[in-house]
Amino acid sequence: MSVDTLRLTAEEAMGLVERGEVSAAELHAAYLQAIGERDGELHSYLRTVDEADGGGVPIAFKDVISSRGVETTAGSKILSGYVPVFDSTVAARCREAGLPLIGKTNMDEFAMGSSTENSAFGPTLNPWDPDRVPGGSSGGSAAAVAAGLAPWALGSDTGGSVKQPASLCGIVGLRPTYGTVSRYGIVAFASSLDQVGPMTKTVRDNALLYRVVAGRDPLDTTTVELPEPIEVPETEDLKGVRIGVPRELNEADGIEPGVKESVDRTIELCRELGAEVGETSLPRSVAFGLACYYLVAPAEASSNLARYDGVRYGLRVQGDDGVRAMYEKTRDAGFGDEPKRRIMLGAYALSAGYYDAYYGQAQKVRTVIAQEHAAAFETFDVLVSPTSPTVAFRLGEKAENPLAMYLSDVLTIPSNMAGLPGLSIPCGLSEGLPVGFQLIGSQFSENLLFRAGHALEKAIGFDFVPGRLQ
């Protein structure tokens with residue numbers, strides 16, 4: 001039988017394989033064919049895997065996830081040619097679950113960016129409009145799922161890098177509670193923030209994939225046992241759910257009118273589905289979240305990226321004046337502009353005489369952000385807002401203005417700084433482009449987010465196939 005990869009959800013693909021209507025190899029081949037037909041335009045993949053190594057539904061990995069025997073570059077020239085000899089924990093768990101890797105997706109270099117324009121290997125384009133970005137840094141994973149080039153994918157989220165591209169590409173993205181998914185074998189950006197998260201067409205698919213990768217890992221001491229099993233949602237109402245609408249997240253500068261209209265309509269839909277909806281406030285989280293993030297994340301990045309020196313793996317540019325010259329030439333040639341910016345900013349924030357004033361102070365502010373969110377969750381079960389203040393913006397529109405690019409994550413960063421889970425679901429279109437609706441929960445509340453997201457998804461009836469591909 002022919003396989004319509006554009007409309008096929010991962011759950012439906014599982015059913016096809018389980019019923020014997022297609023084999024895993026045939027399903028893998030169908031996605032490779034779709035990639036061959038459509039990815040020349042989109043550039044969502046950096047490399048593909050030709051043969052299915054497993055008996056289930058294929059999966060795509062953001063190129064930050066180490067996979068045994070498959071080149072892993074984190075979107076950077078400095079890791080060109082690096083082929084891991086081991087699997088990251090999430091890759092191993094997918095392999096154990098029978099999910100064969102179909103390929104590595106494009107990304108902003110070392111996950112630093114909000115548009116996938118910072119990839120050393122060229123940008124990914126948005127399947128809804130190839131003149132626009134797919135978001136970032138997991139833009140390749142988001143575009144691949146939206147365009148039917150993967151039934152599901154894994155991305156990573158530091159400041160919003162799963163939620164924001166999910167929003168711009170009209171798919172579902174989960175940033176899990178920090179510590180519920182292992183970071184072992186994930187190319188590090190900011191260790192106290194990075195989390196791998198599932199990117200899917202539906203909320204049920206998202207829960208199914210999260211169930212595969214989540215849980216305690218002895219190889220990552222920051223991981224924890226899940227307090228309850230992950231449930232695949234079925235409930236289609238919101239009765240008994242208390243939903244808070246933070247003023248500052250929903251009235252932030254830069255939220256486009258079309259985005260606000262779609263989100264307001266979805267908040268009203270929450271009431272219709274039986275939720276109790278009220279207003280709340282996160283003044284310090286929104287006022288200081290972005291500045292706090294851009295001290296903590298670059299500081300940790302400058303430390304993590306110090307290991308790329310041309311000695312151990314990846315690119316090496318020989319210097320004529322000894323080992324120091326080799327370090328300098330390798331890092332100069334291997335890193336793009338954005339990693340260089342963040343390394344310099346982070347090294348400054350950690351330097352003698354400035355550590356307490358910058359990095360230390362940011363960690364104190366981070367505690368305040370966590371406390372403010374905890375206070376809101378004493379009254380509400382879920383907080384909601386737009387995921388991104390805008391729909392997908394045009395290629396090059398913000399590339400020359402790093403500050404404008406950083407503001408793309410202004411609504412996703414505060415809850416990330418608090419280590420909280422967030423789910424983005426598509427809630428409508430503005431000017432023909434998807435709008436994302438962000439649901440934020442308290443720690444370990446993924447089941448509640450899945451339940452609420454699934455109920456809204458069913459009521460909204462969003463068609464996840466990009467209009468131009470229908």
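A quick note: this is a predicted structure, and the numbers were derived from the prediction, not measured.
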- prompt: What do the steps show when you test Ser415 against Ile440 for side chain to side chain contact (heavy atoms under 4.5 Å, CB included), and what is the final call?
  reply: CA-CA 7 Å; Ser415 58; Ile440 300 163; 3.7 Å; yes

query: Passes side chain to side chain donor-acceptor pair (under 3.5 Å), Asp205 versus Thr200? Steps please.
result: CA-CA 6 Å; Asp205 282 358; Thr200 60; 5.4 Å; no

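- The closest side-chain heavy-atom distance from Thr235 to Lys458 is not below 4.5 Å.
- Side chains of Gln361 and Asp356: a donor-acceptor N/O pair is absent below 3.5 angstrom, by distance only.
- When all heavy atoms are compared, the tightest approach of Pro176 to Val181 is CG-CG2, 4.0 Å.
- You'll find the ring centres of Phe110 and Tyr308 inside the 6.0 Å limit.
- A side-chain donor-acceptor contact under 3.5 Å links Thr5 and Arg38.
- Of the N and O atoms on the side chains of Asp217 and Thr89, at least one donor lies less than 3.5 Å from an acceptor on the other residue.
- Under the 4.5 Å side-chain criterion, counting only non-hydrogen atoms from C-beta, Val90 is not in contact with Val212.
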message: For a side chain to side chain contact (heavy atoms under 4.5 Å, CB included) check, start with the C-alpha distance between Leu449 and Val382, then their side-chain angles and the critical distance, and finish with the verdict.
response: CA-CA 8 Å; Leu449 295 182; Val382 177; 4.2 Å; yes

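- Lys104 and Glu71 are not joined by a salt bridge, as no carboxylate oxygen comes within less than 4.0 angstrom of a charged side-chain nitrogen.
- In this structure the side chain of Val57 reaches within 4.5 angstrom of the side chain of Leu27, judged on heavy atoms.
- Asn206 and Lys201 share no donor-acceptor pair across their side chains, judged by distance under 3.5 Å alone.
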query: Does the pair Asp463 and Arg7 meet the rule for a salt bridge (charged side-chain N to carboxylate O under 4.0 Å, His left out), with working shown?
result: CA-CA 9 Å; Asp463 185 351; Arg7 295 200 169 274; 3.3 Å; yes

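- Look at Glu338 and Arg341 and you find a salt bridge, because one of the NZ, NE, NH1 or NH2 atoms lies within 4.0 Å of a carboxylate O, short of that distance.
- Asp63 and Leu46 get closest at one heavy-atom pair: OD2-CD1, 3.5 Å.
- Within the 4.5 Å cutoff, no side-chain heavy atoms of Pro84 are placed close to those of Arg68.
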task: Check the pair Leu383 / Leu420 against side chain to side chain contact (heavy atoms under 4.5 Å, CB included), numbers first and verdict last.
output: CA-CA 11 Å; Leu383 306 179; Leu420 302 177; over 6 Å; no

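- With sequence neighbours excluded, the residues that form a ring-ring contact (aromatic ring centres under 6.0 Å, His included) with Tyr82 are Tyr313.
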message: Checking Val203 against Ile425 for the side chain to side chain contact (heavy atoms under 4.5 Å, CB included) test, could you report, in this order, the C-alpha distance in whole Å, the side-chain angles of both residues, the deciding distance, and whether it holds?
response: CA-CA 8 Å; Val203 176; Ile425 65 169; 3.9 Å; yes

task: Applying side chain to side chain donor-acceptor pair (under 3.5 Å), run through Asp194 and Ser156 and close with a yes or a no.
output: CA-CA 7 Å; Asp194 297 346; Ser156 67; over 6 Å; no

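- For the residue pair Glu11/Thr202, the side-chain donor-acceptor check at 3.5 Å is not satisfied.
- Contact check on Glu225 versus Arg216 returns no salt bridge, with no Lys/Arg side-chain nitrogen under 4.0 Å from an Asp/Glu carboxylate oxygen.
- Here the side chains of Thr158 and Tyr293 are in contact, with some heavy-atom distance below 4.5 Å.
- Remark: the Asp108 side chain and the Ser137 side chain contain no N/O donor-acceptor pair separated by less than 3.5 Å.
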message: Between Lys163 and Thr412, is the side chain to side chain donor-acceptor pair (under 3.5 Å) condition met? List the steps.
response: CA-CA 7 Å; Lys163 294 184 287 186; Thr412 57; 5.2 Å; no

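- Considering all non-hydrogen atoms of both residues, Ala146 and Pro466 come closest at O-CD, 3.2 Å.
- Closest approach of Pro123 and Leu395 over heavy atoms only: CB-CD2, 4.3 Å.
- For Leu8 against Ala13, the heavy-atom pair with the smallest separation is CD2-CB, 3.7 Å.
- The list of ring-ring contact (aromatic ring centres under 6.0 Å, His included) pairs with a residue in residues 40-66, not counting sequence neighbours, is empty.
- Residues that satisfy the side chain to side chain donor-acceptor pair (under 3.5 Å) test with Ser167, not counting sequence neighbours, are absent from this structure.
- Using a 4.5 Å cut-off on side-chain heavy atoms (C-beta onward), Trp128 and Leu168 make no contact.
- Applying the side chain to side chain donor-acceptor pair (under 3.5 Å) rule to Asn118 yields no partners; only residues at least two apart in sequence or on another chain are considered.
- There is a side-chain donor-acceptor pair under 3.5 Å between Ser385 and Gln438.
- If you check the side chains of Gln443 and Tyr178, you find no donor sitting under 3.5 Å from an acceptor.
- Here the shortest heavy-atom pairing between Asp87 and Tyr184 reads O-CE2, 3.9 Å.
- Using a 4.0 Å cut-off between charged side-chain N and carboxylate O, Arg95 and Asp53 make a salt bridge.
- Between the side chains of Thr116 and Asn106, no donor N or O sits under 3.5 Å from an acceptor N or O.
- A donor atom on one side chain and an acceptor atom on the other are found under 3.5 Å apart for Glu372 and Ser285.
- Scanning for side chain to side chain donor-acceptor pair (under 3.5 Å) contacts around Asp332 gives Lys340, with sequence neighbours left out.
- Contact annotation: the side chain of Val435 approaches that of Val263 to within less than 4.5 Å [non-hydrogen atoms, C-beta and beyond].
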message: If you apply the rule side chain to side chain donor-acceptor pair (under 3.5 Å), what do you find for Ser182 with Thr223, and how did you get there?
response: CA-CA 6 Å; Ser182 174; Thr223 56; 5.9 Å; no

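- Residues passing the ring-ring contact (aromatic ring centres under 6.0 Å, His included) test with Tyr348 are Tyr354, Tyr358, sequence neighbours excluded.
- In this structure the side chain of Phe121 reaches within 4.5 angstrom of the side chain of Ser80, judged on heavy atoms.
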